[in-house]
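Please read the structure below before turning to the comments.
Atoms within each ligand, like the ligands themselves, are counted from 1 in listed order. Bear in mind the structure is a predicted one, so any value in this text is a computation, not a measurement.
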Amino acid sequence: MIKPTMVSPAPIFQMATGYWASSVLLTANRIGLFSAIGPDEVTVAGLAGKLKLSPYPLDQFLNTLVSLGFLERRGGGYVNSALSNTFLVEGKPTYMGEALKYSDDLYPVWGRLEETLRLGKPALAHEAILGQDPEKTRHFVLGMHNRALGMGQSLATQLDLAGRRKLLDVGGGPATYSCLLVKRNPGLTSRSMDLPAVVAIAKTIVEGFGLAGQVDAIEGNYHQASYPAGNDVVLCSGMFHRETAESCREILRKSFEALDTGGLVIVHDVMANGEKTGPAFSMLFGLNMALTATYGTVHSSEEIAGWMQEVGFVKTESQPMAPPWPEALVLGRKP
Ligand SMILES: C[S@@+](CC[C@H](N)C(=O)[O-])C[C@H]1O[C@@H](n2cnc3c(N)ncnc32)[C@H](O)[C@@H]1O
């Protein structure tokens with residue numbers, strides 16, 4: 001006799017259809033729906049005309065967005081919810097739409113996970129988002145900027161850089177963290193080093209902050225270039241997840257050399273637990289990196305602290321970022 005199972009299949013159904021909701025959100029963002037609504041109340045017909053969409057199934061699409069918390073029904077029409085009004089309407093300082101466009105670019109790439117598992121290669125060559133494809137590169141860099149703006153205030157508050165004067169931001173991307181840290185710590189200047197196509201976009205972001213004299217976006221391949229010397233802080237944010245243990249160690253060794261005595265190295269990234277079995281977000285993030293970068297992965301704080309010690313850093317410590325951010329910091333000091 002078959003015994004009734006006590007295990008519910010609900011998680012399987014939820015995960016098997018999880019992409020439905022992602023697709024609704026990413027599509028709404030891509031067609032500019034939240035920005036088109038803005039502060040107004042819209043009807044199905046009005047929105048169909050404005051965005052050149054078919055009224056069927058737009059009505060269902062809008063009601064689905066209501067069910068997911070992105071729109072609200074008002075009178076005979078729809079308005080943005082507080083969530084989409086704050087983060088998904090272009091022009092708002094808290095706008096995250098560019099970060100969503102990067103997720104949208106990766107949507108078809110996740111459909112090629114099997115290919116990456118079979119061939120051991122990223123389904124999307126990372127060169128595409130680091131200069132080769134200008135539009136994807138722009139989405140990637142502005143996506144990092146959106147994300148860093150959201151998290152940067154917590155990072156700038158959590159990190160005590162009082163009295164520090166020269167920051168080297170290795171793989172600084174949009175230079176957003178450099179800008180936020182320089183703004184928060186008077187007397188601090190930064191050099192944010194990245195690949196040429198990324199630096200070109202970073203320069204416009206630095207100008208937008210009005211920090212052109214204090215934050216210098218410089219070109220440099222962190223594997224090949226020698227790092228500028230004379231720093232008292234080196235920040236490696238969000239770049240270890242595209243590197244092997246050997247190259248992380250080498251970046252830390254170059255960072256050690258680029259620091260003055262007493263200098264601080266900071267690695268900021270999504271981290272796995274010591275056994276590399278969770279949290280689930282970190283493990284999915286690692287796969288996202290495997291899909292988009294040769295050797296993309298997720299490391300643990302323990303591993304990074306160990307590599308720091310191997311190259312000579314002391315007093316290493318790890319600190320989780322304040323919720324809701326899944327990242328952590330690992331700090332080390334040059335004796
Ligand atoms: C995920 S982003 C992190 C950017 C930024 N530090 C942040 O936390 O927002 C990783 C950055 O590393 C840069 N990068 C990747 N390979 C590089 C290399 N060989 N030399 C310099 N930068 C590189 C990428 O262009 C990208 O800007």
Below 4.0 Å, non-hydrogen atoms only: which portion of Asn221 touches ligand 1? Side chain, backbone, both or neither. both

Test of understanding: given a 4.0 Å heavy-atom threshold, classify the contact between Arg242 and ligand 1 as side chain, backbone, both, or neither. side chain

Do Arg73's NZ or CZ and the ring of Tyr78 fall within the cation-pi criteria of under 6.0 Å and 45°? yes

Would one find more than 12 heavy atoms of other residues, nucleotides or ligands at under 6.0 Å from atom OH of Tyr295? no

So if I count the atoms of ligand 1 from 1 in the order they appear, which ones are less than 4.0 Å from some heavy atom of [X]?
X      : result
Leu130 : 24 (C), 25 (O)
Gly220 : 20 (N), 21 (C)
Gly173 : 4 (C), 27 (O)
Val198 : 25 (O), 27 (O)
His223 : 19 (N)

Angle class for the His299/Phe240 ring planes (parallel below 30°, perpendicular above 60°, tilted otherwise)? perpendicular

Given Tyr177, Phe240, Tyr222, Phe140, which has its nearest heavy atom closest to atom 21 (C) of ligand 1? Tyr222

Looking at non-hydrogen atoms alone, which of Leu195, Asn146, Asp194, Val141 comes nearest to atom 25 (O) of ligand 1? Asp194

Polar proximity ligand 1 side, Val170 side, N/O cut 3.5 Å exclusive: no

For ligand 1, is there an N or O atom under 3.5 Å from any N or O atom of His241? no

